[in-house]
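See structure below.
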There are 2 protein chains.
Amino acid sequence: MATAAKVLTSRRSRRKGNLYDAQCPSRIVLDHVTSRWGSLVLLVLIDGTQRFSELGRAIGGVSEKMLAQTLQTLEADGLLLRTVYPTIPPKVEYSLTRLGTEAALHIRTLTNWVEDNVSTVMQFRSKRGGLQK
Amino acid sequence: MATAAKVLTSRRSRRKGNLYDAQCPSRIVLDHVTSRWGSLVLLVLIDGTQRFSELGRAIGGVSEKMLAQTLQTLEADGLLLRTVYPTIPPKVEYSLTRLGTEAALHIRTLTNWVEDNVSTVMQFRSKRGGLQK
DNA sequence: CGGTATCCAGCGCGATACTG
DNA sequence: CAGTATCGCGCTGGATACCG
């Protein structure tokens, strides 16, 4: 139906950016804050400044490589601040910027909702008897 | 310092689930709703019921395989409802459940925030001159 | 139309080793 | 301590073909 197609088109054009494109900046930033380790870093840093190794221990199960990569990305996005103390041994602290704090609070809202509703979801899944993936 | 470790421990135990474990149900559900195509499906369905091919066209760039897989996952999670009309040609409609609507609105809040702030992030990135990944 | 089945290329990510 | 460099495997996901 042409009408249905038209409705869809108008719906799409109403959106500000289009997250539908993988190259879209919004999509990229969204991927950063919702990524496996990105979201956890943001959540941990809500509680305050942390050092590199503290972050690693607090999160758990993250390799140094992925932690460093994640931190670089979030810093480049302006979501967190990296402070280097030129001492021996070296000491580097990470904290949220204003932008990062906003992002982190949104992530926390989302994760809180998930945690509040996960039992409902799991009941649903077990009834269906499958797809425990 | 032992104290720092203690603080961290107490911080972690304060959380309800621990998203830090990849096998944690909460983490899995979070991955589903924030996944590449999962979030887009939820956003599109806020506007109302859609057929399989309509979803595909509305989202754009998604393969049939990934769309089907995403829809199965979200249906298994109880986030969306799949209605099959046994006609020829077949017709299948997808709509959000109450749970799915809640999730979708949270996703929309997050994506709206990202779109509102993406310009700030991009300015930040271009100043730094690198990491356009 | 609305899927499933199969194949396989790319790269995300962990493991390991090394550095200032 | 806080990383970077390199290698290799595993799984995600796209392309293609087929089905009810």
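Please read these numbers as outputs of a predicted model, since none were measured by experiment. To find a chain, count down the sequence lines: A is the first, B the second, and so on, and within it residues start at 1.
- When the C1' atoms of four end pairs are superposed on the next four at each end of the helix from C:dC1-D:dG20 to C:dG20-D:dC1, using five pairs per end, the two resulting axes differ in direction by 50°, to 10°.
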- request: Evaluate the side-chain contact (heavy atoms from CB on, under 4.5 Å) criterion for residues B:Leu105 and B:Arg108: first the C-alpha distance (whole Å), next the side-chain angles of each, then the deciding distance (0.1 Å), finally the verdict.
  value: CA-CA 5 Å; B:Leu105 293 178; B:Arg108 189 164 67 177; 3.5 Å; yes

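- Considering B:Leu40, B:Leu67, B:Val62, B:Thr70 in turn, B:Leu67 is the only one that fulfils the side-chain contact (heavy atoms from CB on, under 4.5 Å) rule with B:Leu55.
- Sorted by first then second residue, the salt bridge (Lys or Arg N to Asp or Glu O under 4.0 Å) pairs that include residues 78-88 of chain A, not counting sequence neighbours, number zero.
- Rounded to the nearest 0.5 Å, atoms CG (B:Asn112) and CD1 (B:Ile107) are 11.0 Å apart.
- Sequence neighbours left out, the pairs with a member in residues 89-122 of chain B that pass ring pair (Phe, Tyr, Trp, His ring centres under 6.0 Å) are A:His106-B:Trp113, A:Trp113-B:His106.
- Atoms CG (A:Asp31) and P (C:dG12) sit 11 Å apart, rounded to a whole Å.
- Within the structure, every pair that satisfies the salt bridge (Lys or Arg N to Asp or Glu O under 4.0 Å) test and touches residues 22-35 of chain B, not counting sequence neighbours, is listed here: B:Arg27-B:Asp31.
- One can place CG of A:Leu55 at 9 Å from P of D:dA2, the figure rounded to the nearest angstrom.
- Here the P atom of nucleotide D:dC1 and the CD atom of A:Gln50 are 14 Å apart, to the nearest Å.
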Check the interface with nucleotides 1-6 of chain C: list each N/O to N/O pair with the protein under 3.5 Å, or write none.
{"unit_1": "C:dC1", "atom_1": "O3'", "unit_2": "B:Arg51", "atom_2": "NH2", "d": "3.0"}
{"unit_1": "C:dC1", "atom_1": "O3'", "unit_2": "B:Pro90", "atom_2": "O", "d": "3.3"}
{"unit_1": "C:dG2", "atom_1": "OP1", "unit_2": "B:Arg51", "atom_2": "NE", "d": "2.9"}
{"unit_1": "C:dG2", "atom_1": "OP1", "unit_2": "B:Arg51", "atom_2": "NH2", "d": "2.9"}
{"unit_1": "C:dG2", "atom_1": "OP1", "unit_2": "B:Val92", "atom_2": "N", "d": "3.4"}
{"unit_1": "C:dG2", "atom_1": "OP2", "unit_2": "B:Ser53", "atom_2": "N", "d": "3.1"}
{"unit_1": "C:dG2", "atom_1": "OP2", "unit_2": "B:Ser53", "atom_2": "OG", "d": "2.7"}
{"unit_1": "C:dG3", "atom_1": "OP1", "unit_2": "B:Arg82", "atom_2": "NE", "d": "3.4"}
{"unit_1": "C:dG3", "atom_1": "OP1", "unit_2": "B:Arg82", "atom_2": "NH2", "d": "2.3"}
{"unit_1": "C:dG3", "atom_1": "OP2", "unit_2": "B:Tyr94", "atom_2": "OH", "d": "2.7"}
{"unit_1": "C:dG3", "atom_1": "N7", "unit_2": "B:Glu64", "atom_2": "OE1", "d": "2.8"}
{"unit_1": "C:dT4", "atom_1": "OP1", "unit_2": "B:Gln72", "atom_2": "NE2", "d": "2.7"}
{"unit_1": "C:dT4", "atom_1": "OP2", "unit_2": "B:Gln72", "atom_2": "NE2", "d": "3.3"}

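- Atom P of nucleotide D:dT6 and atom CE of A:Met66 are separated by 18 Å, given to the nearest angstrom.
- Take B:Trp37 and apply the ring pair (Phe, Tyr, Trp, His ring centres under 6.0 Å) test, not counting sequence neighbours, and it matches no residue.
- Atoms CZ (B:Arg36) and C1' (D:dC11) sit 18 Å apart, rounded to a whole Å.
- Using a 4.5 Å cut-off between side-chain heavy atoms of Ile, Leu, Val, Met, Phe, Trp and Tyr, with links allowed through other members, A:Val114 and A:Ile46 fall into the same hydrophobic cluster.
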